[in-house]
Amino acid sequence: MRTDIRHHAGRNARTLPPPDDLDRQIAHALQLDGRAAFSHIAEVLGVSDQTVARRWAKLRAGRSMRVLGLTEPMVLGETVWLVRVSTTPDAAVPLAEALARRTDTAWVGLMAGGTEVSAVARSSTEWSREGGGEALLLRELPRTPRVLAVHAYCQLHQYFGGAKGLILKSGMLSPAQVAQLSPPEPVPPDEPVQLTADDHKLLTALAQDGRTPVPDLAAATGWSLSTVRRRMAELRATGTLYFDVDYGPHLFDQGLRAAVWLSVRPSELHATGQALAAHPEVAFACATTGPANVFLTVVCRDAAALYAYVTGPLARLPGVRDFETYPMVRSLKGPGPFVSGLH
């Protein structure tokens with residue numbers, strides 16, 4: 001599932017017009033390049049500029065889709081932690097809401113019948129100075145009332161996710177269309193990228209809306225239009241900045257999201273991760289520390305489809321020794337900033 005948009009869309013799906021293939025093609029195009037001009041998308045899709053702009057306005061107004069400009073933690077030298085917090089039943093929702101409002105968290109949700117909170121936390125030198133990052137994991141959570149247990153797993157390697165969103169597996173665009181819409185592949189530098197205070201102003205605006213017009217970005221940063229364009233191009237070229245599409249589950253008939261923890265033989269870890277990255281149901285896959293060494297986010301139509309996946313493609317992987325599956329009960333925050341008033 002996806003963040004606040006998914007939760008909002010789930011509550012209001014009856015009031016939204018049903019999506020069609022053109023909506024899904026636009027979503028695929030924007031997952032490839034979140035700042036692609038509507039005129040370019042229209043040319044590749046064989047429709048008019050006005051049609052793409054009108055469809056985008058409908059999807060955005062209905063909170064079915066938004067584009068987010070996000071940063072890649074590995075390029076910035078940050079550590080990513082997968083956090084699981086067991087609580088008493090009365091404490092789970094308030095804790096999840098508090099975690100969702102933090103700037104150093106993403107993908108906050110409720111699992112295990114609503115008694116376990118899951119989240120992704122990013123730690124850096126800057127966040128540590130502000131009391132985030134490691135403080136969230138090692139100091140604040142264990143001392144929080146009605147928290148029963150805290151488990152944190154360090155992400156070691158990402159097989160699928162980030163700039164490679166699940167929409168890319170939808171097949172809504174042909175290989176030729178994908179080639180026309182795909183920007184150049186980024187080249188991460190050898191050393192972590194150092195961001196300036198003005199960079200943070202730019203990235204904050206893009207995290208709220210990845211398609212923020214250049215004049216508005218110039219106003220937010222105090223830069224000239226040419227400086228904004230140049231700096232965005234630099235950040236994209238290194239992979240520091242990427243664009244993701246946040247969308248409601250009804251757009252692709254994805255009604256169930258589950259967290260899956262795998263135990264994989266070390267000798268087959270990388271091959272298994274690469275195989276998982278190709279599965280259509282896998283929205284995110286990474287290697288982690290801990291008793292289970294692979295974490296997946298699996299998105300399916302319903303429980304029957306999840307069962308078919310774990311007993312089919314997942315069970316057939318030779319390196320998998322054991323796995324645990326936890327359906328997501330409620331999603332409070334996805335990859336972007338928390339938006340209040342939608343839950």
Side-chain angles (χ1 to χ4, degrees), residues 1-8 10-11 73 78-124 127-128 130-155 161 246 249 255-263 283-286 288-300 303 306 310 322-343:
M1 286 182 173
R2 291 269 185 171
T3 187
D4 46 77
I5 287 182
R6 295 209 162 209
H7 185 67
H8 182 92
R11 292 184 301 168
E78 298 173 352
T79 302
V80 177
W81 297 90
L82 309 179
V83 185
R84 299 172 64 178
V85 186
S86 298
T87 72
T88 57
D90 60 318
V93 172
L95 176 62
E97 291 175 342
L99 290 178
R101 288 183 170 86
R102 294 183 66 105
T103 59
D104 55 355
T105 64
W107 298 109
V108 179
L110 295 173
M111 299 190 305
T115 60
E116 182 171 299
V117 180
S118 65
V120 174
R122 292 166 58 158
S123 62
S124 69
W127 279 329
S128 296
E130 296 176 354
E134 283 83 353
L136 165 67
L137 298 169
L138 303 179
R139 294 198 297 273
E140 297 179 16
L141 281 173
R143 298 185 310 199
T144 302
R146 297 187 295 280
V147 166
L148 305 178
V150 178
H151 302 281
Y153 311 95
C154 181
Q155 178 179 307
D246 202 8
L256 179 63
R257 174 185 168 206
V260 181
W261 295 86
L262 306 178
S263 295
F284 178 80
C286 72
T288 75
T289 59
N293 53 3
V294 174
F295 171 77
L296 307 177
T297 298
V298 175
V299 180
C300 298
L306 176 61
V310 299
D322 197 8
F323 66 88
E324 298 178 80
T325 306
Y326 298 92
M328 186 67 64
V329 176
R330 177 182 170 190
S331 179
L332 288 90
K333 184 182 184 182
F338 176 72
V339 179
S340 63
L342 297 181
H343 301 278

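These numbers were taken from a predicted model, which means no experiment stands behind them. Index from 1, following the sequence.
- Here the CH2-CG distance, from Trp261 to Asp322, works out to 14.0 Å after rounding to the nearest 0.5 Å.
- With sequence neighbours excluded, no residue forms a side chain to side chain contact (heavy atoms under 4.5 Å, CB included) with Ala98.
- No side-chain heavy atom of Glu78 sits under 4.5 Å from any side-chain heavy atom of Ser123.
- Listed by chain and number, the residues in a side-chain hydrogen bond (donor to acceptor under 3.5 Å, both in side chains) with Gln155 amount to none (sequence neighbours excluded).
- Between Arg122 and Thr79, the closest side-chain pair of non-hydrogen atoms is not below 4.5 Å.
- Within the 4.5 Å cutoff, no side-chain heavy atoms of Thr88 are placed close to those of Thr115.
- Remark: Thr289 pairs with Tyr153, Cys154, Leu156 by the side chain to side chain contact (heavy atoms under 4.5 Å, CB included) rule, at least two apart or across chains.
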*Start with the C-alpha distance between Thr144 and Val85, add both sets of side-chain angles, then the distance that settles side-chain contact (heavy atoms from CB on, under 4.5 Å), and finish with yes or no.*
CA-CA 11 Å; Thr144 302; Val85 186; over 6 Å; no
_If you apply the rule side-chain contact (heavy atoms from CB on, under 4.5 Å), what do you find for Thr105 with Val120, and how did you get there?_
CA-CA 5 Å; Thr105 64; Val120 174; over 6 Å; no
*asked:* Assess the residue pair Met328 and Trp107 against the criterion (side-chain contact (heavy atoms from CB on, under 4.5 Å)); give the C-alpha distance rounded to whole Å, side-chain angles, the decisive distance to 0.1 Å, and a yes or no.
replied: CA-CA 11 Å; Met328 186 67 64; Trp107 298 109; over 6 Å; no
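- With sequence neighbours left out, the side-chain hydrogen bond (donor to acceptor under 3.5 Å, both in side chains) criterion links Ser263 to no other residue.
- Side-chain contact between Arg146 and Asp90: present, with at least one pair of heavy atoms (C-beta onward) separated by less than 4.5 Å.
- With sequence neighbours excluded, the residues forming a side chain to side chain contact (heavy atoms under 4.5 Å, CB included) with Ala258 are Leu306, Thr325, listed by chain and number.
- Between Val294 and Thr288 there is no side-chain heavy-atom pair separated by less than 4.5 Å.
- Between the Lys333 side chain and the Arg102 main chain, a donor and an acceptor come within less than 3.5 Å of each other.
- Atom CZ of residue Phe295 and atom CG of residue Leu82 lie 6.0 Å apart, to the nearest 0.5 angstrom.
- To the nearest 0.5 Å, the span separating CG on Leu148 from OG1 on Thr87 amounts to 6.5 Å.
- In this structure, Pro327 and Leu256 have side chains that are in contact, with non-hydrogen atoms separated by less than 4.5 Å.
- Partners of Ala96 under the side chain to side chain contact (heavy atoms under 4.5 Å, CB included) rule, at least two apart in sequence or in another chain, are Val108, Leu110, Val117, Leu332.
- The two atoms that bring Gly161 and Phe284 nearest to each other are CA-CD1, 3.9 Å, heavy atoms only.
- Of the inter-residue distances, the one linking Met111 atom CE with Ser86 atom OG reads 8.5 Å to the nearest 0.5 angstrom.
- Atom-to-atom distance recorded for Leu141:CG and Arg84:CZ is 14.0 Å, nearest 0.5 angstrom.
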*Using the side-chain contact (heavy atoms from CB on, under 4.5 Å) rule, take Val329 and Glu116 through it: C-alpha gap first, then chi angles, then the decisive distance, then the call.*
CA-CA 10 Å; Val329 176; Glu116 182 171 299; over 6 Å; no
